Every structure is written in structure tokens, then in C-alpha cells.
Amino acid sequence: MENVAYFQYGHARWIGHGPMTKPYHLFMFVDKGSLAYRVEGVRYMLQQGDVLYMRQGAERIGEAVTEEAHSKYSAQWAGDGLFGHFPHLADCGAMVFRPASLYAYLKQTYAQMYQLWMRKDAYYEPLCQGMLLELMARVHQDLTAKQYTGKQARVVRQARDYILQYYREPLSIDELSHLTGRGPSYLITSFKKHYGVTPLEYMHRTRISKAEELLLETDFNMETIAAELGYCDASYFNRMFKKIAGLTPSAVRRRSIPSSVSELSLHSLPADPTTPESG
């Protein structure tokens, strides 16, 4: 792992950059706005939620496509170690992924990686490497899931939509199985194939995403937030929050976010606008 960076262009409009090559591979997530890259002569148009892979040494040109602000995360690594899992990446200069259903997950994961990299706590490098590998796998799973059609896709979407509506309730696999008319084993396997996690893991991720919003926007105590999200035990809520978010709820509440970045997602971290562009 070489670096994890966050770039935010607000008041100063990004004008792109001329031809360059970098001694590392790059997996970029567009957090906001739109832009384009021309990699080895091929133009890739990117919008919010898109992910762009660029191979080490591939010539790239950055292009501004609008006067509106944009922001992006960039995870960078050298060597061919990851290609054992994703061999097709070794054979292309660039590749675009459009995993719209993973936007919240990707935003949260990139923000956590960036925070770990900036803090440089013990073992931050293997932790970041693990997170990068997971998100790359999830993006590829999303690509594969789009190839599935028919009843399986409709079943998992039905379960997902139900979870998003009733995530505060004590949902169970049996309830979701009854809703979709499919057996528990089929539902779990199909859901994980499409979304990378089981239905109940998806429910907990949704709850924790809402919990972070409540921690940063309200003065509710932990017991109130836990109860609001369907956790009857505040200690269990604390454990689940740290497992998913990588921080304790109290650590997230202490986090200082300048008002100038109020438009950023609650999962994002303050960006340093003076950080030099390396993407």
C-alpha cells in the first residue's frame, strides 16, 4: 500500500492535468461531482459513485467536464499481489465500475481507510490493505450481480428494500424468507452473491450508518440511539458499531468536522485542500 488520499475541489475549480504516469496502481472513488480521465488514449467519464482503476505506469490525463465542485478518494498500491484475485486488471490500462448500490458502503470504507492512513496507528498498513481488498471484491461482486436476471434478482431486491424500510425492527431470516417466498438458505446465498453480505449483516450496516448520523447531528445519548435503531442493549450496539465502523460511537461523536465541509457525507472526513494532487 502506497497511500490513501482524499481530494476536494470546491472554491478552486479543478482544471485537470496533462499527461503523466505514476509508479503505482490506483483505485479511485468519486465521492461527489463528475470528471474524466483519458488513460492510454481511452476516455473514461466518471460521475458520483463511480470507481476507476488505473494501472501502474499507464499514461493518464485528467479532464474537467464541469465547473461544479468534485471530490474523490484514491487508494494506491504497487506490485502485482492483488492481481492474483483480479487477474483481468493486469491486462488493462484502466477499468470503470459503476456500483450504484454500493455508494454508501464505498464512501464509508474509503473514509475509514483515509482516517487510518492519516492517523498511522499500529498496523494501519495491513488494516488498509485488508479494507482495499474487501472493497475491490465487493465492487467485482456488484459487477457479477448485474449479470444475474430474473427471479433471483427480484427476490434479493425485494428483501433489500424491505430491510431499508424496516431496519429498526427486529428482523429475522425467517421473516424475510416468508416475505420473498424463498427458503432461508437460498435467500442468504442469493443476497450475499448480489450485495456481498448476508441480509442481517446488511440490516446492521444500515443501522450503523444511521447511528453515525444521529451521533453527529444530535445530542442523543447512547441508550437512546441504540433503542431508536432497534438495539435493546447499548453495550451490544457499541460492539456492533465498532465492528462495522472501526471506531466506537463516542470516538465518532468526538470527531471534529469543520462547517466548511457540511455538504460531505457523514461517513467522510475533513479533507486537506492543500494536499497535492497525485491521482
Side-chain angles (χ1 to χ4, degrees), residues 1-8 22-32 51 53 56 71-79 81-82 85 102-139 196-197 201 204-217 221-222 225-226 229 231 234-262 264-279:
M1 198 84 173
E2 297 292 315
N3 189 29
V4 180
Y6 179 61
F7 307 103
Q8 181 187 18
K22 293 292 183 179
Y24 49 73
H25 310 290
L26 182 148
F27 213 61
M28 175 189 296
F29 169 65
V30 181
D31 172 48
K32 179 182 177 182
V51 175
Y53 159 75
Q56 173 181 325
S71 55
K72 59 194 176 187
Y73 288 94
S74 172
Q76 303 153 11
W77 76 98
L82 290 178
H85 301 286
L102 297 179
Y103 177 77
Y105 161 78
L106 290 170
K107 192 174 183 69
Q108 180 181 27
T109 304
Y110 270 99
Q112 290 173 0
M113 274 200 302
Y114 175 68
Q115 182 184 43
L116 284 169
W117 195 267
M118 296 301 291
R119 288 205 317 256
K120 291 185 168 44
D121 294 337
Y123 303 106
Y124 74 97
E125 288 187 272
L127 284 170
C128 287
Q129 289 171 358
M131 295 172 76
L132 174 61
L133 179 60
E134 178 186 323
L135 70 85
M136 290 180 71
R138 292 286 301 277
V139 165
V197 293
E201 288 171 336
H204 286 299
R205 286 182 179 271
T206 303
R207 287 179 173 184
I208 297 311
S209 177
K210 180 62 177 179
E212 188 169 353
E213 178 181 333
L214 293 174
L215 286 165
L216 296 176
E217 290 193 338
N221 59 36
M222 300 306 168
I225 293 176
L229 297 175
Y231 295 111
S235 62
Y236 177 66
F237 162 68
N238 286 335
R239 291 195 301 272
M240 188 60 65
F241 191 99
K242 186 172 183 180
K243 177 181 178 181
I244 293 175
L247 295 169
T248 64
S250 57
V252 169
R253 174 157 278 173
R254 289 195 300 268
R255 202 163 60 189
S256 174
I257 300 183
S259 59
S260 61
V261 296
S262 59
L264 290 177
S265 161
L266 296 168
H267 295 305
S268 300
L269 298 171
D272 180 359
T274 63
T275 304
E277 168 71 286
S278 62

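Residue numbers count from 1 along this sequence. From a predicted model like this one, the values you see are computed outputs, not experimental measurements. Only heavy atoms go into these numbers, but all of them, side chains included; no hydrogens, no water, no symmetry mates.
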Measuring only between side-chain heavy atoms, which start at C-beta, is [X] closer than 4.5 Å to [Y]?
X: Leu82; Y: Leu132; value: yes
X: Tyr231; Y: His204; value: yes
X: Met136; Y: Val51; value: no

So, for [X] and [Y], which heavy atoms are closest and what is the spacing to 0.1 Å?
X: Tyr24; Y: Glu2; result: CB-CG, 4.1 Å
X: Ala5; Y: Gln76; result: CB-NE2, 4.5 Å
X: Ala111; Y: Tyr73; result: CB-OH, 3.6 Å
X: Leu214; Y: Arg253; result: O-NH2, 3.7 Å

Can you tell me how far apart [atom1] ([X]) and [atom2] ([Y]) are? Round to the nearest 0.5 Å.
X: Ile225; Y: Arg207; atom1: CD1; atom2: CZ; value: 14.0 Å
X: Leu116; Y: Met113; atom1: CG; atom2: CE; value: 9.0 Å
X: Gln108; Y: Leu135; atom1: CD; atom2: CG; value: 11.5 Å

Report, one line per pair, each donor and acceptor closer than 3.5 Å where one atom sits in a side chain of residues 244-252; sequence neighbours left out.
residue	atom	partner	partner atom	Å
Thr248	OG1	Ser250	OG	3.2
Thr248	OG1	Ala251	N	3.1

Handout entry: Qualifying residue for side chain to side chain contact (heavy atoms under 4.5 Å, CB included) with Phe29, from Leu106, Leu102, Thr109
Key =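 Answer to the side chain to side chain contact (heavy atoms under 4.5 Å, CB included) test with Phe29 among Leu106, Leu102, Thr109: Leu106.
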Exercise for the section: Please identify each residue that fulfils side chain to side chain contact (heavy atoms under 4.5 Å, CB included) with Asn221, with sequence neighbours left out. Expected result: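 Asn221: side chain to side chain contact (heavy atoms under 4.5 Å, CB included) contacts with Glu223, Thr224.
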Practice task
With sequence neighbours left out, write down each residue that passes side chain to side chain contact (heavy atoms under 4.5 Å, CB included) with Ala137, or none if nothing qualifies.
Solution key: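 Partners of Ala137 by the side chain to side chain contact (heavy atoms under 4.5 Å, CB included) criterion, ordered by chain and then number, come out as Phe86.
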Practice task
Name all pairs fulfilling the side chain to side chain donor-acceptor pair (under 3.5 Å) condition that reach into residues 122-133, sequence neighbours left out, sorted by first residue then second.
Solution key: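 Passing the test, one end in residues 122-133: no pairs.
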Handout entry: Which residues share a salt bridge (Lys or Arg N to Asp or Glu O under 4.0 Å) with Glu134, sequence neighbours left out
Key =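 For Glu134, the residues satisfying salt bridge (Lys or Arg N to Asp or Glu O under 4.0 Å) (neighbours in sequence not counted) are Arg205.
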Handout entry: For Tyr110, side-chain hydrogen bond (donor to acceptor under 3.5 Å, both in side chains) partners two or more places apart
Key =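 Once residues adjacent in sequence are excluded, Tyr110 has no partner under the side-chain hydrogen bond (donor to acceptor under 3.5 Å, both in side chains) criterion.
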Handout entry: Residues forming a side-chain hydrogen bond (donor to acceptor under 3.5 Å, both in side chains) with Trp117, sequence neighbours excluded
Key =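 Trp117: side-chain hydrogen bond (donor to acceptor under 3.5 Å, both in side chains) contacts with Asn3.
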Exercise for the section: Could I get the full list of ring pair (Phe, Tyr, Trp, His ring centres under 6.0 Å) partners for His25, not counting sequence neighbours? Expected result: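 Counting only residues at least two positions away or on another chain, His25 forms a ring pair (Phe, Tyr, Trp, His ring centres under 6.0 Å) with Trp77, Phe83.
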Validation: residues 234-243 side-chain donor-acceptor distances under 3.5 Å, sequence neighbours left out:
residue	atom	partner	partner atom	Å
Ser235	OG	Asp233	OD1	2.6
Ser235	OG	Asp233	OD2	3.3
Asn238	ND2	Ala234	O	3.4

